[in-house]
Amino acid sequence: MIRVLLAEDMHMIRAALTALLRLESDIEVVAEVIRGDEIVPRAMEIRPDVAVVDIDLPVLDGITAAASLRERLPSCRVLVLTAMGQPGHVRRALAAGIEAFLVKDAPGDRLADAIRRTAAGLRVLDAELVSAAMEYGESPLTGRESTVLKEAARGASAEEIAARLHLSSGTVRNYLTGAIAKTGARNKIDAIRIAEDAGWL
């Protein structure tokens, strides 16, 4: 029996995935979590064989959580669920050592097969998704530019970001200007969208 931890914050999707996996005689969903920061503690408690992790999770994103899980519990394999429109995230996940990906709009029967292959230690890669991920290349943003852009993506003003990072408001604005220029964006909102789509944040 393959024991699965499912990390998905959308209730209907999580319920549908669980129902789908219940039809499989050799797969059992032993835990469900809705936030990225819940993955490692829950996995350490129940020791699943495979963690099926959505990239877009609240509090802690799925890639960061998955990378931490690989460090803390190497026996648990990770299968990342991603949207086709987020190839940059796949590049980040590959860099973090994650070797199994499934596109969210894949046919239902592919999920069980992907879990079995992941549990067996095989790579599960969508060729089209990986090809698209390679097109994005490495992030052009510095660490500070990424941090400032992440804070801006959460809705923080330049003044709030400055206070959190112990910088001046002018320095924060300079980092935002640099991020806008490096992403080829028209403005801050556009830079956030481009960086998120590319998996740079």
Side-chain angles (χ1 to χ4, degrees), residues 5 7-11 13 33-44 51-74 76 78 80-99 101 104 129-201:
L5 179 149
E8 167 61 63
D9 64 320
M10 304 286 287
H11 178 72
I13 294 175
V33 298
I34 61 173
R35 296 186 347 219
D37 64 329
E38 297 174 325
I39 293 173
V40 171
R42 194 75 177 101
M44 296 302 290
V52 177
V53 178
D54 181 25
I55 281 183
D56 298 312
L57 293 172
V59 184
L60 187 67
D61 71 89
I63 294 173
T64 303
S68 178
L69 178 60
R70 278 180 54 83
E71 266 184 39
R72 298 282 304 281
L73 190 63
C76 179
V78 179
V80 171
L81 297 179
T82 184
M84 194 64 200
Q86 299 173 316
H89 290 307
V90 175
R91 188 177 182 90
R92 272 186 62 216
L94 284 168
I98 311 302
E99 297 180 328
F101 306 90
K104 276 188 171 183
L129 188 62
V130 173
S131 174
M134 294 303 108
E135 289 177 17
Y136 274 92
E138 297 292 339
S139 172
L141 304 174
T142 65
R144 258 314 185 201
E145 287 166 345
S146 293
T147 301
V148 167
L149 207 54
K150 277 182 192 174
E151 291 294 329
R154 294 187 182 108
S157 68
E159 291 72 24
E160 290 169 330
I161 297 171
R164 282 182 203 158
L165 301 180
H166 307 290
L167 301 169
S168 71
S169 296
T171 300
V172 167
R173 288 190 185 91
N174 286 340
Y175 282 131
L176 287 171
T177 300
I180 290 166
K182 288 180 180 178
T183 57
R186 297 182 304 276
N187 52 42
K188 177 179 71 176
I189 303 301
D190 196 31
I192 291 167
R193 178 190 59 77
I194 289 168
E196 286 182 338
D197 286 349
W200 296 334
L201 294 185

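These numbers come from the heavy atoms of this one structure, side chains and all, not from hydrogens, waters or symmetry mates.
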Within-4.5 Å side-chain heavy-atom neighbours: Thr142 and Lys182: yes
- prompt: Could you give all pairs that pass the salt bridge (charged side-chain N to carboxylate O under 4.0 Å, His left out) test and reach residues 162-179, with sequence neighbours left out?
  reply: Glu151-Arg164, Glu159-Arg173
task: With rounding to the nearest 0.5 Å, note down the distance linking CG in Asp56 to CD1 in Ile63.
output: 8.5 Å
- line: Tightest non-hydrogen contact, residues Lys188 and Ala152, listed as CD-CB, 3.9 Å
field: Note, Ile55 side chain near Leu81 side chain (heavy atom, < 4.5 Å)
entry: no
- request: Over all heavy atoms of both residues, which pair between Ser169 and Ala162 is shortest? Give the atoms and the distance, please.
  value: N-CB, 3.8 Å
task: Sequence neighbours left out, what passes salt bridge (Lys or Arg N to Asp or Glu O under 4.0 Å) with Arg72? Give chain and number order.
output: none
Side-chain heavy atoms of Leu141 within contact of Thr183, under 4.5 Å: yes
- request: Looking only at non-hydrogen atoms, find the nearest pair between Ala43 and Leu69 and report the distance.
  value: CB-CD1, 3.5 Å
field: Pairing of Glu8 and Lys104 as salt bridge, 4.0 angstrom limit
entry: yes
- prompt: For the residue pair Ala185 and Ala191, what are the closest heavy atoms and their distance?
  reply: CB-N, 3.3 Å
field: Closest heavy-atom pair and its distance - Ile34, Asp9
entry: O-CB, 3.2 Å
- request: For residues Arg186 and Ile180, report the shortest heavy-atom separation together with the two atoms involved.
  value: C-CG2, 4.3 Å
- request: Go through the steps to decide whether Leu176 and Leu149 satisfy the test side chain to side chain contact (heavy atoms under 4.5 Å, CB included), and finish with yes or no.
  value: CA-CA 7 Å; Leu176 287 171; Leu149 207 54; 3.9 Å; yes
- request: Apply the side chain to side chain contact (heavy atoms under 4.5 Å, CB included) test between Tyr175 and each candidate in Ile161, Thr147, Leu165, Leu167; give the one that qualifies.
  value: Leu167
- prompt: Counting only N and O atoms by type, is there a donor-acceptor contact under 3.5 Å from the side chain of Asp54 to the main-chain atoms of Leu57?
  reply: no
message: Are more than 12 heavy atoms, taken from residues, nucleotides or ligands other than Met10, located less than 6.0 Å from that residue's CE atom?
response: no
